[in-house]
Amino acid sequence: MKLKQLESLLGNLQQFSNPKVELEQYPTGPHIASRMLYMAENSYGDVTEKVVADFGCGCGTLGAAAALMGAEQVFGIDVDSESLEMATANAEDLELDIEFVQCDIRNLGWRGSSVDTVVMNPPFGTRRKGADMEFLCAALKIASGAVYSLHKTSTRDHIKRAALRDFGAKTAEVLCELRFDVPQLYKFHKKKEVDVAVDLWRFEPKD
C-alpha cells in the first residue's frame with residue numbers, strides 16, 4: 001500500500017469526541033500514524049506478516065495502520081472502554097480484523113508472548129509523571145522484534161538512557177523528528193492548536 005493511500009484511509013477514522021485528560025488522550029493524526037507504520041515496514045520489515053500490538057490504542061489508528069500494512073494479527077490494548085468502542089467501530093468501518101483488549105498496560109501479563117512489534121503513542125507523562133516510561137518498559141518486555149514509539153523531543157536523552165540502562169533495550173534510535181499537532185481538546189488549552197516536537201523512536205529488545 002502506498003503512503004498516500006494509507007494516510008487517506010486513516011483520515012476517515014472517528015476520533016475522541018470526549019477525551020479524558022487524566023489519560024492524556026490525544027489522537028494520533030493520520031499524517032504521523034501513516035508514516036510511522038510505513039517506515040516500520042518499508043525500512044525494517046516489522047509489520048507485514050507480523051503480530052503487532054498497539055499499546056494505549058485509543059481510537060485504534062496505529063493498529064488500523066498496521067492491519068492495512070498487512071500485519072498477520074493486530075491487538076489493540078487500552079484501559080478505557082469508550083476508546084475501545086470507537087476503535088472497534090473504526091476497525092469495522094475499514095473491515096479490519098483487530099482484537100481489542102481492555103487492560104492497564106502496567107497489568108498486562110503477556111510474558112513470553114508472540115508479539116513481534118509494539119507500536120504506540122503513549123501518554124507523554126505531563127499529567128501523570130512517568131506514564132511514558134511505564135509504557136516503554138512494558139513494550140520492551142513484550143515485543144520480540146521492535147518497539148516504535150512517540151516521545152517528546154525534549155525528553156530525548158532521558159528516553160535513551162532509560163531504555164538502554166533500565167529497560168534492557170539492545171538499541172534505541174530516533175528515526176525522525178515530527179511535529180505533533182495538538183488540537184484544543186481540553187479547557188486548559190488556551191490556543192486553538194499547538195505543534196509539539198516529537199521523536200519517532202525504534203527500540204530493539206535484547207534477544
Side-chain angles (χ1 to χ4, degrees), residues 1 3 6-7 9-11 13 15 23-80 83-84 86-88 90-91 94 96-101 103 105 108 110 113-124 131-152 159 163 167 169 171-178 180 198-205:
M1 181 174 288
L3 179 60
L6 181 62
E7 184 173 349
L9 287 168
L10 297 178
L13 299 181
Q15 297 296 345
L23 297 177
E24 289 190 55
Q25 289 181 334
Y26 293 97
T28 310
H31 180 80
I32 285 182
S34 57
R35 276 149 187 78
M36 197 168 166
L37 273 295
Y38 192 83
M39 185 179 288
E41 174 52 33
N42 287 287
S43 297
Y44 300 96
D46 283 330
V47 182
T48 302
E49 297 181 2
K50 303 286 188 186
V51 178
V52 179
D54 177 1
F55 277 14
C57 66
C59 308
T61 308
L62 293 176
L68 289 165
M69 289 296 294
E72 179 188 322
Q73 188 173 14
V74 179
F75 294 97
I77 298 145
D78 204 288
V79 73
D80 180 41
S83 294
L84 291 173
M86 191 173 289
T88 301
N90 280 333
L94 289 173
L96 300 173
D97 184 16
I98 299 175
E99 188 171 331
F100 292 103
V101 181
C103 180
I105 290 297
L108 194 61
W110 290 4
S113 69
S114 55
V115 172
D116 299 300
T117 306
V118 171
V119 294
M120 59 185 189
N121 172 22
F124 289 151
D132 50 345
M133 295 290 99
E134 290 167 357
F135 270 73
L136 184 54
C137 179
L140 281 163
K141 284 178 182 167
I142 285 164
S144 62
V147 174
Y148 291 84
S149 187
L150 297 166
H151 297 273
K152 285 198 331 198
I159 296 286
F167 304 151
T171 64
E173 180 188 0
V174 175
L175 301 181
C176 59
E177 187 179 317
L178 299 159
F180 193 98
V198 298
D199 291 336
L200 170 55
W201 286 87
R202 181 179 187 269
F203 305 93
E204 286 182 14

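- Smallest separation of non-hydrogen atoms from Val115 and Ala53: CG1-CB, 3.9 Å.
- Smallest separation of non-hydrogen atoms from Tyr44 and Glu173: OH-OE1, 3.8 Å.
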**Residues Leu150, Met120; criterion side chain to side chain contact (heavy atoms under 4.5 Å, CB included); working and verdict** = CA-CA 7 Å; Leu150 297 166; Met120 59 185 189; over 6 Å; no

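- Between the SG atom in Cys103 and the CG atom in Leu84 there is a gap of 10.5 Å [rounded to 0.5 Å].
- How far CG of Leu200 is from CG of Leu178: 6.0 Å, rounded to the nearest 0.5 Å.
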**Item:** side chain to side chain contact (heavy atoms under 4.5 Å, CB included) evaluation trace for Val51 with Thr117
**Value:** CA-CA 6 Å; Val51 178; Thr117 306; over 6 Å; no

Which donor-acceptor pairs under 3.5 Å do side chains of residues 54-74 form with protein atoms, sequence neighbours excluded?
from: Asp54; atom 1: OD2; to: Gly63; atom 2: N; distance (Å): 3.0

**Message:** Between Ile159 and Phe167, does the side chain to side chain contact (heavy atoms under 4.5 Å, CB included) criterion hold? Intermediate values first, please.
**Reply:** CA-CA 10 Å; Ile159 296 286; Phe167 304 151; over 6 Å; no

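- Judged purely by atom type and a 3.5 angstrom limit, Asp116 has no side-chain atom pairing as donor or acceptor with the backbone of Lys50.
- Under a 3.5 Å cut-off, the side chain of Asp78 and the backbone N or O of Asp80 do form a donor-acceptor pair.
- The stretch residues 30-43 participates, sequence neighbours left out, in these salt bridge (charged side-chain N to carboxylate O under 4.0 Å, His left out) pairs: Glu7-Arg35.
- Trp201 has its side chain out of reach of Leu175: every pair of non-hydrogen atoms, C-beta onward, lies at least 4.5 Å apart.
- Across every non-hydrogen atom of Ala143 and Pro205, the tightest pair is O-CG, 3.1 Å.
- Phe100 and Thr88 get closest at one heavy-atom pair: CD1-OG1, 3.4 Å.
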**Item:** From CA spacing to verdict: salt bridge (charged side-chain N to carboxylate O under 4.0 Å, His left out), Arg202, Asp46
**Value:** CA-CA 11 Å; Arg202 181 179 187 269; Asp46 283 330; 3.0 Å; yes

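- Considering only heavy atoms from C-beta on, Phe135 stays 4.5 Å or farther from Ser149 through its side chain.
- Of all non-hydrogen atoms in Met36 and Tyr148, the two that sit nearest each other are CE-O, 3.5 Å.
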**Message:** Does Ile105 form a side chain to side chain contact (heavy atoms under 4.5 Å, CB included) with Ile77? I'd like the steps, not just the answer.
**Reply:** CA-CA 8 Å; Ile105 290 297; Ile77 298 145; 3.8 Å; yes

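- No side-chain heavy atom of Glu204 sits less than 4.5 Å from a side-chain heavy atom of Leu140.
- When atom types are taken as modelled, the side chain of Ser34 and the backbone of His31 share a donor-acceptor pair closer than 3.5 angstrom.
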